[in-house]
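As structure tokens, the structure follows; a few thoughts come after it.
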Amino acid sequence: MIEKSLRQLGQALAAREISSVELTSLFLDRIARLNPEINAFITVDREQSLAQARAADARLAASAAGPLTGIPIAQKDIFCAQGWTTTCASKMLANFVSPYDATVIAKLHQEAGMVSLGKTNMDEFAMGSSNETSYFGPVKNPWDRTRVPGGSSGGSAAAVAARLAPVATGTDTGGSIRQPAALCNLTGLKPTYGVVSRYGMIAFASSLDQGGPMAPSAEDCALLLNAMSGFDARDSTSLERPVEDYARDLEKPLAGLRIGLPREFFGAGCDPAVMAAVQAAIGEYEKLGAVSVEVSLPNSHLSVPAYYVIAPAEASSNLSRFDGVRYGYRAPDYDSLDDMYMKTRAQGFGAEVKRRILIGAYVLSHGYYDAYYLQAQRIRRLIAADFVEAFKSCDLIMGPTSPSTAFKLGERAADPVQMYLSDIYTIAVNLAGLPAMSIPCGFADGLPVGLQLIGDYFAEARLLNAAHRFQQATDWHRRQPADIA
Amino acid sequence: MSLTPEQIQRIALLARIEISEAEAHATGGHLNEIFKLIEQMQAVDTQGVEPMAHAQEFSQRLRDDIVSEADQRAAYQAVAPETEAGLYLVPKVIE
């Protein structure tokens, strides 16, 4: 049962082969057994999970179920869920029990009838690429427990990779769905900016943040995206578009698909073993009838510098809300209002979050705003324009998701710049607001390698189609870590 | 560009984060490395390029000025560090 896809689980529930309570208990038992070492979950609440499962069983019995009703899912702890501790992996919110549901949570649980298995570990406020900035300790990669799972959605990735959950949600501001998906052998999708509501998703960089699915397969991602996406009046950047079935094109043949290979993604800077797996995957696509064309993203080398101005600037503004007044941590001792703010924030935030707030405050401050913030926004437009140009000669863009496989715990933790460069291939996508995926495409020294697929705006169905056809021709996505029985 | 510990203290004050001299010194090394990375932007000629604030070009939606949400003050204040009579309590700011 733990190996099954969403579609298979839905069929098993509909056929009464298993109840949602039984299925949920199965995964909760696995979490109880394996999570103490992997640390993929921050919060597990058996009673709340089983209550949701009982409600799902009632819906199934009343024939009021949808395709996902009764299926368990792990929720990244960045999504506010009513009655659940929602920490964002920060001391600042360690005791915050959300009084309301994020739209994604409401859609997946109340509407689709899925069952929450708990809240997954992540980098603090989603700021990191290794899950090591979590206040609740690092997550271990199920493929090699001395290595990171990637980040920031590292707990969600590890949970699905170790089959502690069938699927999970993630969020992606600079690669936080795709990079951990790559490092844990999962399929992850970051939708076009504005497709998934940000309401109740704790904000990091609002012009870049986007929620999305993380799962073993493209088919699972399509079904989850169907349930997660849609217009939401509560998110001022939510896009009013007709409802789409993201699974509609899964089976379409790939003959004639034009794959753009940006020469900047195939140069120096990538581990040769990762590159070999990516090249082999592109060869597989050619066998499926796709043709590759060289394209160029000449400003892509500027994406990391521009991102580390824009994202911290937005973060410094967003995180100003954590002041010890309305929710979250408040320092125990202070002698004035300002002193309370200063001590609350000094004690409540971890080192990486503070670093980014300081960068943001600096680049937005008088005298530096033009040179840093506006310059970064101008470069952002150049980067977005590169993609527009590239998509004139191709349908999808492909390349590596991450320049390396999973690195050792602690290896990059002391060197922020080295860590930031983990996202060198993923960040440009967020700056442009495009949809992109990472899919399993092979192994290097026993560790998973991810292939990144980037689509034009709203090309999710086409991305999922390309990913699904690849997954029908290969079995990389079915490989599992050795010791998760 | 290199930030001095005094400049870092000044930024930390703007961001309302208390940092000790030792922390300012330690974080300064990291911040200067990060700014070295960021400085790569300065070599790019962006004259005439319109700054891009958002991935999608859209204007903010407007709605009628009517009550659209139920009153949840009690639930929202239940998670506050300190409240009294429906108000958030903070240290005295006016003598």
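Quick caveat, the model's predicted, so the values are computed rather than measured. Basis for what follows: all heavy atoms, side chains included, without hydrogens, waters or symmetry-related copies. Chain letters run A, B, ... following the sequence lines, proteins first, then strands; residues in each count from 1.
Salt bridge status for A:Arg234 with B:Glu69: present, with a side-chain N to carboxylate O gap under 4.0 Å.
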For this session: Check the pair A:Tyr362, B:Leu31 against side-chain contact (heavy atoms from CB on, under 4.5 Å), reporting the backbone distance first and the verdict last.
Result: CA-CA 11 Å; A:Tyr362 182 72; B:Leu31 290 180; over 6 Å; no

Problem set entry | Chi angles and distances behind the side-chain contact (heavy atoms from CB on, under 4.5 Å) call for B:Ile17, A:Met342 | CA-CA 4 Å; B:Ile17 298 174; A:Met342 304 273 297; over 6 Å; no

Problem set entry | Stepwise side-chain contact (heavy atoms from CB on, under 4.5 Å) test for A:Leu364 and B:Leu14 | CA-CA 11 Å; A:Leu364 290 175; B:Leu14 290 173; over 6 Å; no

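Note on A:Leu431, A:Val97, A:Leu239: by heavy-atom pairs under 4.5 Å with chain B, the leading option is A:Leu239. Comparing A:Gly194, A:Ala376, A:Ser365 by how many heavy-atom pairs each has under 4.5 Å with chain B, the most go to A:Ala376. For chain B, the option among A:His301, A:Arg345, A:Arg381 with the highest count of heavy-atom pairs below 4.5 Å is A:Arg381. In terms of non-hydrogen atom pairs under 4.5 Å with chain B, the most contact-rich of A:Asp339, A:Leu382, A:Asp338 is A:Asp338.
Among residues two or more places apart in sequence or in another chain, the salt bridge (Lys or Arg N to Asp or Glu O under 4.0 Å) test is passed with A:Arg241 by A:Glu244. Not a single side-chain hydrogen bond (donor to acceptor under 3.5 Å, both in side chains) links A:Lys91 to another residue, sequence neighbours left out.
Sorted by first and then second residue, the side chain to side chain donor-acceptor pair (under 3.5 Å) pairs involving residues 318-328 of chain A (not counting sequence neighbours) are A:Ser206-A:Asn318, A:Asn318-A:Arg321.
In terms of heavy-atom proximity, A:Pro416 sits nearest to B:Ile34 at CB-CD1, 4.2 Å. Between A:Tyr457 and B:Gln56, the closest heavy-atom pair is CD2-NE2, 3.7 Å. In terms of heavy atoms, B:Met41 sits closest to A:Tyr372 at CE-O, 3.6 Å. Taking each heavy atom of A:Met340 and B:Pro91 in turn, the nearest pair found is SD-CD, 3.6 Å. B:Gln40 approaches A:Pro305 most closely through the heavy-atom pair OE1-CG, 3.8 Å. Scanning all heavy atoms of the two residues, the minimum distance from A:Ala361 to B:Ala15 falls at CB-CB, 4.1 Å.
The contact between A:Leu302 and chain B is made entirely by side chain atoms (from C-beta outward), counting heavy-atom distances below 4.5 Å. With a 4.5 Å cut-off on non-hydrogen atoms, A:Tyr307 does not touch chain B at all. Contacts between B:Val93 and chain A at a heavy-atom distance below 4.5 Å involve the side chain alone, from C-beta outward. In this structure, chain B has a heavy atom under 4.5 Å from the side chain of A:Glu240, while its backbone stays farther away. For a residue to count as touching a neighbouring chain, one of its non-hydrogen atoms must lie under 4.5 Å from one of that chain's; by this rule A:Ala306 touches chain B with backbone and side chain alike. Contacts between A:Leu208 and chain B at a heavy-atom distance below 4.5 Å are absent for every atom of the residue. With a threshold of 4.5 angstrom between heavy atoms, A:Tyr193 approaches chain B through its backbone and through its side chain. Both the backbone and the side chain of B:Tyr76 come within contact range of chain A, with heavy atoms under 4.5 Å apart. Both the backbone and the side chain of B:Ile11 have a heavy atom closer than 4.5 Å to some heavy atom of chain A.
In this structure, the side chains of A:Arg355 and B:Thr27 come closer than 4.5 Å at one or more pairs of heavy atoms. Counting only heavy atoms from C-beta outward, the side chains of A:Lys354 and B:Glu23 approach each other to under 4.5 Å.
Expressed to the nearest 0.5 Å, how far CD1 of A:Ile357 lies from CZ of B:Arg16 amounts to 13.0 Å. Rounding to the nearest 0.5 Å places CZ of B:Phe35 at 13.5 Å from OH of A:Tyr308. To the nearest 0.5 angstrom, A:Tyr420 atom OH is 8.5 Å from B:Ile38 atom CD1.
Counting non-hydrogen atoms of other residues, nucleotides and ligands closer than 6.0 Å to CD1 of B:Ile66 gives a total above 12.
The closest donor-acceptor contact from the side chain of B:Arg63 to the backbone of A:Ala233 lies at 3.5 Å or more, if one exists at all. B:His54 contributes no side-chain N or O that, together with a main-chain N or O of A:Gly433, makes up a donor-acceptor pair within less than 3.5 Å.
Scanning residues 42-52 of chain B against chain A with a 4.5 Å non-hydrogen threshold yields B:Gln42, B:Val44, B:Thr46, B:Val49, B:Glu50, B:Pro51, B:Met52, sorted by number.
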